[in-house]
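The structure under discussion appears below in the form of structure tokens.
Predicted model, so just to flag it, every value in this text is computed and none were measured. Numbering of residues begins at 1 and proceeds along the displayed sequence.
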Amino acid sequence: EVECLVKLFDTLVAKSSGHSAAVGLNRNMFRDTLCCTFGMTDDILMDRVFCVFDRDNDNCINVVEWVQGLSVFLRGTLEEKIKYCFEVYDLNQDGHISKDELFQMLKSSLLKQPAEEDADEGVKDLIDIIMKNMDYDHDGMLSFMDFETAVKNENLLLEAFGPCLPDIK
């Protein structure tokens, strides 16, 4: 499987042009792969997945980051996927998911409502429900422990704030 991932990486890099292609996948190449291969379409989620894969923050995913990221993405344990999803949702990478971060994630991933309904109010109501049910330490934000506890109690919450993992197929 690792050999196949490396070959796929080499194929994707060979298709690209420019300086970054020599070292790996840039953000646009990676987003194209997420969209074409895994059906992701949410811009915020794709950018966050890129950031989580890009461990050295050089704006390029090298072969090691590619294999390690896809290992969790495709075959990770529940614990690895919980950590991965939390990192995707923690937009400012401060170790907590705030109400503002939830608002940004949910606003971009939820279906748009008819014009007569205020979508922002619906998202805010949903955030209040999420905080009531997932903020176990009642500090007004979701810590990793809050998120982990909630997901272990109900696995469907793993992608509660947007689909950042591939579907089963």
Write down the atom of [X], the atom of [Y], and the distance for their closest heavy-atom approach.
X: L45; Y: M105; result: CD2-CE, 3.1 Å
X: D42; Y: I44; result: OD1-N, 3.0 Å
X: V123; Y: F103; result: CG1-CD1, 3.5 Å
X: I130; Y: L102; result: CG2-CD1, 4.1 Å
X: L165; Y: C85; result: CD1-SG, 3.8 Å
X: N133; Y: I129; result: ND2-O, 2.9 Å

List for me each residue that meets salt bridge (Lys or Arg N to Asp or Glu O under 4.0 Å) alongside [X], sequence neighbours excluded, and say none if there are none.
X: E80; result: none
X: D94; result: none
X: K99; result: none
X: E159; result: none

- How far apart are the C-alpha atoms of H96 and L142, what are their side-chain angles, what is the distance that settles it, and do they pass the side-chain contact (heavy atoms from CB on, under 4.5 Å) test? CA-CA 5 Å; H96 293 88; L142 299 180; over 6 Å; no
Who pairs with [X] by side-chain hydrogen bond (donor to acceptor under 3.5 Å, both in side chains), at least two apart in sequence or on another chain?
X: K83; result: E87
X: Q68; result: none
X: R31; result: D43, D47
X: E3; result: none

With the 4.5 Å side-chain cut-off for hydrophobic clustering, are [X] and [Y] part of the same group?
X: M134; Y: M141; value: no
X: I82; Y: L156; value: no
X: L91; Y: F86; value: yes

Interatomic distance, [X] atom [atom1] to [Y] atom [atom2] [nearest 0.5 angstrom]:
X: Y84; Y: R48; atom1: OH; atom2: CZ; value: 10.0 Å
X: I61; Y: R27; atom1: CD1; atom2: CZ; value: 8.5 Å
X: D128; Y: D135; atom1: CG; atom2: CG; value: 11.5 Å
X: D32; Y: N26; atom1: CG; atom2: CG; value: 8.5 Å
X: T33; Y: W66; atom1: OG1; atom2: CH2; value: 5.0 Å
X: L12; Y: T37; atom1: CG; atom2: OG1; value: 7.0 Å

- Query: Just wondering, do C164 and F73 contact through their side chains at under 4.5 Å, heavy atoms?
  - Reply: no
Could you pull out all donor-acceptor pairs under 3.5 Å where a side-chain atom in residues 144-152 meets a protein atom, sequence neighbours excluded?
| from | atom 1 | to | atom 2 | distance (Å) |
| --- | --- | --- | --- | --- |
| D146 | OD1 | Y136 | N | 3.2 |
| D146 | OD1 | D137 | N | 3.4 |
| D146 | OD2 | S143 | N | 3.1 |
| D146 | OD2 | S143 | OG | 3.3 |
| T149 | OG1 | M145 | O | 2.8 |

- Passing option when C60 is tested against N62, D56, N57, D58 for side chain to side chain contact (heavy atoms under 4.5 Å, CB included): D58
- Item | Listed partners of F50 passing ring pair (Phe, Tyr, Trp, His ring centres under 6.0 Å), at least two apart | F30
- Got a sec, which residues hit side-chain contact (heavy atoms from CB on, under 4.5 Å) with S98, two or more places apart in sequence or on another chain? D100, E101
- Task: Start with the C-alpha gap between F38 and L74, add the side-chain angles, then the distance that decides, and say whether side-chain contact (heavy atoms from CB on, under 4.5 Å) holds.
- Result: CA-CA 11 Å; F38 300 107; L74 298 172; 3.7 Å; yes
- Sequence neighbours left out, what pairs pass salt bridge (Lys or Arg N to Asp or Glu O under 4.0 Å) with at least one residue falling in residues 66-75? E1-R75
